[in-house]
Amino acid sequence: MLEIKNLHAKVEDQPILRGIDLTVNPGEVHAIMGPNGSGKSTLSHVLAGRDDYEITEGSVSYKGEDLLEMEPEERAAHGLFLAFQYPIEIPGVATMTFLKTAVNSQRKLRGEDELATPDFMKLVREKADQLKVSQDMLRRSVNVGFSGGEKKRAEILQMAVLDPTLCVLDETDSGLDIDALRVVADGVNALRGPDRGMVIITHYQRLLNYIVPDHVHVLSAGKIVRSGGKELALELEESGYAAYEADAA
Amino acid sequence: MSIQRSEAETAYLEAFAEAGEVLPKAQWLEPARQAARDSFAETGLPHRRDEAWRWTDLRTVLDTGFPPALTGSQSEVPAGVKSPFTALDRHVIMFVDGHLRAELSDYEGLCGAAQCVCIDEDLDDAPQWLREKFGSAFTDEHDAVSALNTVFLTGGIAISVPAGTKVDKPVELIFVNTGTEPQTLNTRCLLVLGDGAEITLLETHLGVGDGRYVANSWTEVFLGTGARAEHIKVQNETASAVHLANTHSVIGAGATFNSLCLSAGAQTTRNQIKSRLDGEGGHVGIAGAYMLSDRQHCDTALMVDHAVPECTSGELFKCVMDDHARGIFQGKIIVRPDAQKTDGMQMTQGLLLSETAEFDAKPELEIFADDVRCTHGATCGELDEDQMFYLRSRGIPADEAKSLLIAAFIGEAVDEIESEEIRDLVKAYVAELRDGAGDGS
């Protein structure tokens, strides 16, 4: 469903991605690991459509369409979801209003009818309970006053409600204690399915104990330098990224 | 010394004589009218040399004469002209082109609880409270806006709420201006609250079509000991109109005056807001919101006077400027030597939606007491790119994301309103205005 070919991107003349190739099929969970500054977060933002980056070469096709030609909202409506490393606070916009606007905007872009309020409320309550997101959080402004763990749970709640086909999780484990990590991982695992692909970006192997990937890739200096199965993550935990940083230098 | 008068000044001066014959009779008001005439004859329209008028050139805005609307019109109110508070159970007092229209109003219930005097009629028999309070809140200066209103006043309402009376539902004054002629419409509202009295006053100014006119409105509120008033003003004059407004309040001991002024319409708006805390333990809250686009210009000159100890004041202005619009906020807090334990807070924030929009803020503190807490701040910025991207990454189109963020920004001022019902209606109106703006672009 996602096919990245020879993707190059730069920000302010600084090349960050230098030829990424990655294919994600439905039902697969891919982990992308790598040292700080290797381009992991850039990759996630480029996929979601942040316009701070200039794509200089390569292509990204998603369900057979050119992803790079789409606006961020179109990518979302086509089923792409990015869970942010640092979820953004939006004072004055209630979480519930935000979720409803997002769901119905996507439905509208896809030419579907809007979801009736009672159906929407039922959907959100059900998912919120699973992710231990309180009613109070839903009434509060988006991410405002949320703890680190609450923000990440709220991201996964958005993901569950929006029901994407491709989930990109950017350092979702950062800043989480072990209990919060478990709740978030359970939420993600509940969304695994034969029709859904996932790209999990992480610095540490820890998260992958809970969300077990089908494929692991090592990103270094803007390129995937090694790919393997889930055992590659364990190997990295042992040996660290030193070998790959040396490669890049 | 020979004075070069502008066309508008000459027109106003010539209208003074004619007006005397037509306006409501009020012997007791004559000295005030004469003083206003003299003052205007001497100083005319304000120059930008005058610091308070630094940003607004009324001499250019009023390039031609706008004769005062001395006689009532029977203009129809088009169905499309609708108050944001239509869904609310309230008393309605309707003015069309500066004159009260009884057949379009519905405030009999109010007259049972409070004394209402229609200012369109002769005022020689006006009750004592009206004579005493009328135009008395701030008498230290005769600016042109106040002078013209005093001389040409044709319509309005004076309401006195007896001590201890809580008016059962909000009172809305609707000023509809048809702009069928380029006139100046001068209206006045006087609200006097006895000790412990309570009221919610809504003030809605609506323009029709693209009429060009000058609306000069003056609202004065006097709060007795422990009285409470909430005042919500929504201004949506036509895109060619000039809106000049005085909003004065005098707050007694332990009384609370809480207000919001939303400026969305008019080519040029000048809000002159003055408040004096006159008794210990009083509180005034003044919130404001601008929604400006095209070449709209809105200037608020605000003054809060802490005259006595132990009072609190808070001002929050949230101003949105798009296209070539220009917003100005001049806010002064005065703390008199006696006013110890004053707590004053002022915050003004501008949101610029285009590179050609402009926001000027001039906060001023004049503190003569030593045991006070006063803070002020002014910020100005653009829409937050991270917030925009976050919303869009969830499938919300750029224009809708922008509307959400603008509504949230303005919403902080609207949240200062205590009544949830009214808050929601104002927010819905803000969304409606924003959608209207979106459709046009």
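Residue numbers begin at 1 in each chain, while the letters A, B, ... track the order of the sequences.
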Checked H45(A), E155(A), H78(A) vs chain B; the most non-hydrogen pairs under 4.5 Å come from E155(A)
On a heavy-atom basis, the closest approach of Y390(B) and P87(A) is OH-CB, 4.1 Å
The complete set of salt bridge (charged side-chain N to carboxylate O under 4.0 Å, His left out) pairs with one or both residues in residues 81-93 of chain A, sequence neighbours excluded, reads E89(A)-K151(A)
Comparing A408(B), G395(B), A398(B) against chain A, the one with the most heavy-atom pairs below 4.5 Å turns out to be G395(B)
- Query: Are there more than 12 heavy atoms of other residues, nucleotides or ligands under 6.0 Å from atom NZ of K132(A)?
  - Reply: no
Bottom line for F98(A): the part with an atom under 4.5 Å from chain B's heavy atoms is both
Should we count CD of E382(B) as having more than 12 external heavy atoms under 6.0 Å?
no
Closest non-hydrogen atoms of G49(A) and F389(B), given as atom of the first, atom of the second and distance, are C-CE1, 3.6 Å
Mark yes when over 12 heavy atoms from residues, nucleotides or ligands other than M345(B) sit less than 6.0 Å from its CE; otherwise mark no.
no
Contact between R50(A) and E385(B) at the side-chain level, heavy atoms closer than 4.5 Å - yes or no? yes
Honestly, the part of R75(A) sitting under 4.5 Å from a heavy atom of chain B is neither
In short, Q387(B) meets I90(A) closest at the heavy-atom pair NE2-CA, 4.0 Å
Taking everything shown except K5(A) itself, do over 12 heavy atoms lie less than 6.0 Å from its NZ? no
Ranking I88(A), D51(A), L80(A), D52(A) by heavy-atom pairs under 4.5 Å to chain B gives rank one to I88(A)
| query | Would the number of heavy atoms belonging to other residues, nucleotides or ligands and lying under 6.0 Å from NZ of K63(A) be above 12? | reply | yes
Exercise for review: Report, as yes or no, whether the 6.0 Å neighbourhood of atom CD on Q135(A) holds more than 12 heavy atoms from other residues, nucleotides or ligands.
Suggested key: yes
side-chain contact (heavy atoms from CB on, under 4.5 Å) test vs R394(B) passes for just one of T101(A), L162(A), L99(A), V161(A), namely L162(A)
Taking a cut-off of under 4.5 angstrom between non-hydrogen atoms, the residues of residues 103-121 of chain A near chain B are S105(A), Q106(A), L109(A)
